[in-house]
Amino acid sequence: MTMPMPSPHSALTLAIETSCDETAVAIVRGSSPPELVANLVYSQAEIHAKFGGVIPEVASRNHLRKLPLLVRDALSTTGISSEDIGLVASTYGPGLVGPLLVGLSYAKGFAYGADAAFIGINHLEGHLFAHRLAYPDVSPPFMGLIVSGGHTLLIRVDAYGRYTTVGTTVDDAAGEALDKVGKKLGIPYPAGAELDRRAQIGNPTAIVFPRPMAHVGFDFSFSGLKTSVMTYLRKQPHADPNDVAASFVASVVDVLATKSVEATHRHHLKNLVVVGGVAASATLRTHLEEASSRRGIRVWVPPLALCTDNAAMIAAAAAFRHYEMGQSHNLSLAPEPNLGLDVDPAFRSSGVG
Ligand code: KG4
Ligand code: ZN
């Protein structure tokens, strides 16, 4: 590990995110706080909707096609040349190995060609840095809820770079459950946003679905809830689909809001930061506001474009790790599909250069 680098205000970081089905490229300037210069996302959701979910090989091929075009656009629209880039970052886990390999390989090649430093970023840490981009004045400590198609995690953030997992899902991620139930209701992948829209129309108390593990520790479980909705739909094929959507979404967001506010309170924290695609849910925001105001806790949700998968959050995390913690990786860094947040092996091993 090297000494912290001076953080010239002009230092430019180019970041790449390809861990799932979004091809994303961003540029930030400086690190404290980072200034967002470019933020491009190409979503492959329409391509994968045909299959009802993400097909890793299809995602890899499309990252390979789109990534160079997005990098070119990010540079040309901002008038930045590749020689101006001082740091190149890419997500190296967790995620799908093929898609991760595409982004990592591209980032390494770009860094080598531009004689820039290189760093791999943990996707989950990236999600937390969406908060730093949106609200740079609200610093840790805070409780983070990362809630997306792949993750449902409660993370205590004592400082950027210092994380403790407080709760995680023991089966499906919240977004995964939304997408699967949505599919059953005939909504194309990813179903979360449309399900949430229908939830505003339907009656959330029409059907009482279980609130799994609502008052048991801080782990989550959504698989049993998903099964009970499927069973209900089989037995009541003529039920109002908006009522089913509203009742199901109410159950998911009730559990998310209750647990995350309770965890924030029990950890004596005053701020709860919610990131990931499901943070876009209007129903979740309403439940969070209700639950948090009773406890005197403030809830922070970055703008939608920073909540769903994007490279701006990866760039912000990279600029912090490089310019404020003096970290970088050598070009042999491998993808880590199952990377966790508490112990980041790449920063512990000799891979840090
Ligand atoms: O963070 P994200 O873009 O990608 C992953 O890392 O998974 O999250 C995608 C998830 C999907 O499950 C999608 O259905 C859900 O976020 N989602 C929503 C909304 N918009 C996206 N869920 C509920 N309400 C929304 N408005
Ligand atoms: Zn994500």
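Counting starts at 1 for both ligands and their atoms, in listed order. Everything quoted here is computed from the prediction, not taken from an experiment.
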inquiry  = Test your reading of the structure: does D179 have an N or O sitting under 3.5 Å from an N or O of ligand 1?
reply    = yes
task = Could you tell me whether E22 and ligand 1 have an N or O pair separated by under 3.5 Å?
result = no
Which atoms of ligand 1 are found less than 4.0 Å from any heavy atom of [X]?
{"X": "S281", "answer": "23 (C), 24 (N), 25 (C), 26 (N)"}
{"X": "G150", "answer": "7 (O)"}
{"X": "T308", "answer": "1 (O), 3 (O)"}
{"X": "G175", "answer": "12 (O)"}

query = Is it true that E57 and R61 have a side-chain N and a carboxylate O under 4.0 angstrom from each other?
reply = yes
request  = Report the angle formed at the Zn ion (ligand 2) by atom OD1 of D309 and atom NE2 of H123, rounding to the nearest 10°.
outcome  = 100°
inquiry  = Please work out, at 4.0 Å between heavy atoms, whether the side chain, the backbone, both, or neither of L178 comes within that distance of ligand 1.
reply    =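 Under 4.0 Å from ligand 1, L178 contributes side-chain atoms alone.
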key: Contact check: H127 to the Zn ion (ligand 2), N/O/S below 2.8 Å   = yes
ask   = Of the choices P190, G277, G182, which has the non-hydrogen atom that lies closest to atom 17 (N) of ligand 1?
value = G277
inquiry  = Measuring centre to centre across the rings, with the benzene-like ring taken for any Trp, is Y92 within less than 6.0 Å of H329?
reply    =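 Yes: the rings meet the under 6.0 Å criterion.
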message = Between Y232 and F209, is the ring pair (Phe, Tyr, Trp, His ring centres under 6.0 Å) condition met? List the steps.
response = CA-CA 9 Å; Y232 182 87; F209 288 125; 5.7 Å; yes
message = Quick check on R285: does its CZ atom have over 12 non-hydrogen neighbours (other residues, nucleotides or ligands) under 6.0 Å away?
response = yes
